[in-house]
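For reference, the structure discussed in these notes is given below.
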There are 2 protein chains.
Amino acid sequence: MATDNRGIPIPTIKRFPSYLRLLKGYRDEGMEMVSATMLADELGLKPIQVRKDISCTGIEGKPKVGFTVVKLIDAIIHTLGWDNATDAVLIGAGHLGSALARYEGFETYGLKIVAAFDIDQHKWGAKLGEVPVYPLTQLKQYLEENRVNIGVIAVPAVQAQEVAEKLVECGILAIWNFAPKDLKLPMRVVVQRTDLATSFAVLSAKVKRKMVKEDLLEEDDEW
Amino acid sequence: MATDNRGIPIPTIKRFPSYLRLLKGYRDEGMEMVSATMLADELGLKPIQVRKDISCTGIEGKPKVGFTVVKLIDAIIHTLGWDNATDAVLIGAGHLGSALARYEGFETYGLKIVAAFDIDQHKWGAKLGEVPVYPLTQLKQYLEENRVNIGVIAVPAVQAQEVAEKLVECGILAIWNFAPKDLKLPMRVVVQRTDLATSFAVLSAKVKRKMVKEDLLEEDDEW
DNA sequence: TAGATTGTTAATCGATTAACAATC
DNA sequence: TAGATTGTTAATCGATTAACAATC
């Protein structure tokens with residue numbers, strides 16, 4: 001059905017890559033079947049949650065036996081849309097951009113960074129791994145000549161909004177934003193943020209919570 | 001109260017850094033008061049949600065006027081625990097590690113990377129920005145001599161578990177894991193993952209959803 | 001067979017949103 | 001004052017978890 005993906009909860013989507021990594025390991029070890037119980041145990045989740053997640057892929061298991069490892073792998077990849085490779089341009093060839101361009105994991109997700117752009121002329125002509133770096137002024141032309149759907153932003157915060165708008169003008173459909181800046185863009189554009197600040201905020205909160213809990217325990221001890 | 005932070009929802013925590021960035025901008029422009037309505041509008045949130053989030057900081061506003069910008073800034077920083085600087089060690093001085101070590105935003109969060117460690121002897125003695133790189137074998141000694149609470153993991157997936165266990169052995173309280181690997185660690189250790197795969201999975205799912213929606217619209221057109 | 005595991009339906013839990021009185 | 005905005009209480013929404021029948 002076309003509506004297949006419509007209703008898959010975001011939390012489930014977020015767990016899929018973890019399942020996928022684990023399943024690929026099992027496949028490489030020659031394992032053929034796996035139970036939700038085993039996956040849950042390995043990832044620190046509850047079996048019921050794993051079953052619910054798996055049911056979103058449309059795969060059915062066999063009671064007492066579990067699920068076929070390779071079927072599950074294919075189904076998750078398909079559900080995520082990772083079976084169709086997508087080209088992306090990278091804006092910003094600094095340290096972060098450079099690390100992203102060289103990251104080999106992307107091909108696993110069907111993401112291919114085909115070109116990088118930067119305002120700094122010292123970077124022009126260089127290659128970040130396999131990815132050539134062009135002047136930012138050539139972005140528009142490049143996107144006219146090459147069908148690219150995704151833009152990856154790895155520029156300083158102050159430039160992020162401007163770059164994003166340029167990408168949208170050039171027909172980019174989705175933006176993966178690594179700059180610490182909240183972008184204001186038309187609703188039709190898909191924006192995904194990967195923000196160190198947000199991630200660290202959660203870490204900080206968890207640490208603080210733990211501290212508080214330990215403090216409380218100490219207080220209890222005194223009574 | 002000591003239990004202050006206990007119950008702040010994770011989604012709220014995740015929005016705090018965005019509020020913070022925006023508020024700092026307002027402060028720098030000399031703005032003294034700000035309404036939840038304005039913040040919501042700027043970030044694409046609903047005013048009520050912003051008010052709920054702000055109430056978690058304990059700050060009270062004035063009807064018709066709003067909230068004091070600098071009070072709000074201080075309260076969010078305090079709620080996140082970012083007013084106490086924390087030292088961290090970085091494991092892995094590759095491209096990603098290098099980018100993290102040089103990232104200037106961390107000081108905003110009260111995070112200070114004091115040393116990096118790597119197995120590759122070619123990296124020893126180098127500096128990533130201000131951060132010196134040592135042999136991984138010196139990690140244990142370093143942590144005995146310096147009180148560090150947070151470990152940042154930026155090594156390849158296959159080494160992540162081993163490195164994490166070593167950090168835990170050495171008394172690290174919290175781990176920020178950038179390796180694409182789910183770590184199995186004692187409950188008492190706080191683990192925060194920043195996983196490109198997870199983030200890209202969400203992007204992929206949103207794109208796919210949009211595609212489906214557009215397909216459905218087209219189908220509708222034919223009827 | 002017996003028992004582990006699946007899949008479904010219902011209950012619970014937590015966050016978002018709505019409604020509205022209080023207030024500057 | 002009038003009206004915008006706050007803060008609280010209740011309703012809604014969505015995800016997780018529990019319960020349990022089906023099944024290999």
Side-chain angles (χ1 to χ4, degrees), chain A residues 3-19 22-23 26 31-69 71-72 75-76 79 198 201-202 205-206 209, chain B residues 3-19 22-23 26 31-69 71-72 75-76 79 198 201-202 205-206 209:
Chain A
T3 45
D4 243 328
N5 187 54
R6 186 58 245 282
I8 299 185
I10 295 288
T12 295
I13 297 286
K14 287 186 174 175
R15 286 187 291 268
F16 277 157
S18 294
Y19 298 146
L22 205 50
L23 289 165
Y26 290 153
M31 203 180 297
E32 283 182 17
M33 306 294 287
V34 68
S35 70
T37 319
M38 190 186 296
L39 290 171
D41 193 53
E42 199 62 30
L43 294 170
L45 304 172
K46 308 217 167 153
I48 177 101
Q49 190 169 46
V50 176
R51 271 183 283 153
K52 256 281 158 75
D53 288 344
I54 289 176
S55 77
C56 293
T57 68
I59 291 295
E60 294 194 350
K62 283 209 200 329
K64 166 95 179 164
V65 186
F67 303 83
T68 311
V69 172
K71 266 200 195 172
L72 215 41
I76 291 175
T79 307
T198 302
V202 176
K206 286 183 191 166
R209 258 182 224 191
Chain B
T3 45
D4 243 329
N5 187 52
R6 188 57 243 285
I8 299 184
I10 294 289
T12 296
I13 298 285
K14 288 187 174 174
R15 286 187 290 270
F16 276 157
S18 294
Y19 297 145
L22 205 50
L23 289 165
Y26 291 152
M31 202 179 300
E32 284 181 17
M33 304 295 286
V34 68
S35 69
T37 319
M38 189 184 298
L39 289 171
D41 193 53
E42 198 63 29
L43 294 171
L45 304 172
K46 309 218 163 150
I48 176 106
Q49 189 168 48
V50 176
R51 270 182 282 152
K52 256 280 158 76
D53 287 344
I54 289 176
S55 78
C56 293
T57 68
I59 291 294
E60 294 194 350
K62 284 212 200 324
K64 166 96 179 161
V65 188
F67 304 83
T68 311
V69 172
K71 265 199 197 175
L72 216 40
I76 291 174
T79 307
T198 302
V202 177
K206 285 184 192 162
R209 258 182 223 189

Holding to side chain to side chain donor-acceptor pair (under 3.5 Å), I want the full list of residues that pass it with [X], two or more places apart in sequence or in another chain.
X     : value
B:T57 : none
A:S35 : none
B:T68 : none

Practice problem: Represent DNA chain D in dot-bracket notation, 5' to 3'. Only Watson-Crick or G-U wobble pairs with both distances under 3.5 Å count; pseudoknot-style crossings use [ ] and interstrand partners use |. | Solution: ..||||||||||||||||||||||
Quiz item: Within the structure shown, what part of the strands sits under 4.0 Å from B:K64 by heavy-atom distance: base, sugar-phosphate, or nothing?
Solution: base
Quiz item: Base, sugar-phosphate, or nothing: which does A:S35 touch, judged by heavy atoms less than 4.0 Å apart?
Solution: sugar-phosphate
Self-check item: Side chains of A:F16 and A:T79 in contact at under 4.5 Å (non-hydrogen atoms)
Solution: yes
Quiz item: Is there side-chain contact between B:Y19 and B:V34, with heavy atoms separated by less than 4.5 Å?
Solution: no
Quiz item: Going by the salt bridge (charged side-chain N to carboxylate O under 4.0 Å, His left out) test, which pairs reach into residues 37-46 of chain A, not counting sequence neighbours?
Solution: A:E42-B:K184
Exercise. With a 4.0 angstrom cut-off to heavy atoms of chain A, pull out the first and last contacting nucleotide of DNA chain D, in 5'-to-3' order.
Key: D:dA15 to D:dC24
Exercise. Considering non-hydrogen atoms only, spot the tightest contact between A:A36 and A:P47 and give its length.
Key: CB-O, 4.1 Å
Self-check item: side chain to side chain contact (heavy atoms under 4.5 Å, CB included) partners for A:K14, two or more places apart
Solution: A:I10, B:K14, B:T198, B:V202
Self-check item: Residues in side chain to side chain contact (heavy atoms under 4.5 Å, CB included) contact with A:P63, at least two apart in sequence or another chain
Solution: none
Quiz item: For A:I10 and A:P63, take the nucleotide of DNA chain D holding the closest heavy atom to each; which residue's nucleotide lies nearer the 5' end?
Solution: A:I10
Practice problem: For B:R51, enumerate each residue passing the salt bridge (Lys or Arg N to Asp or Glu O under 4.0 Å) test, keeping only those at least two apart in sequence or located in another chain. | Solution: none
Practice problem: With a 4.0 Å heavy-atom cut-off, tell me which residues in residues 41-52 of chain A come close to DNA chain C, sorted by residue number. | Solution: A:I48, A:R51, A:K52
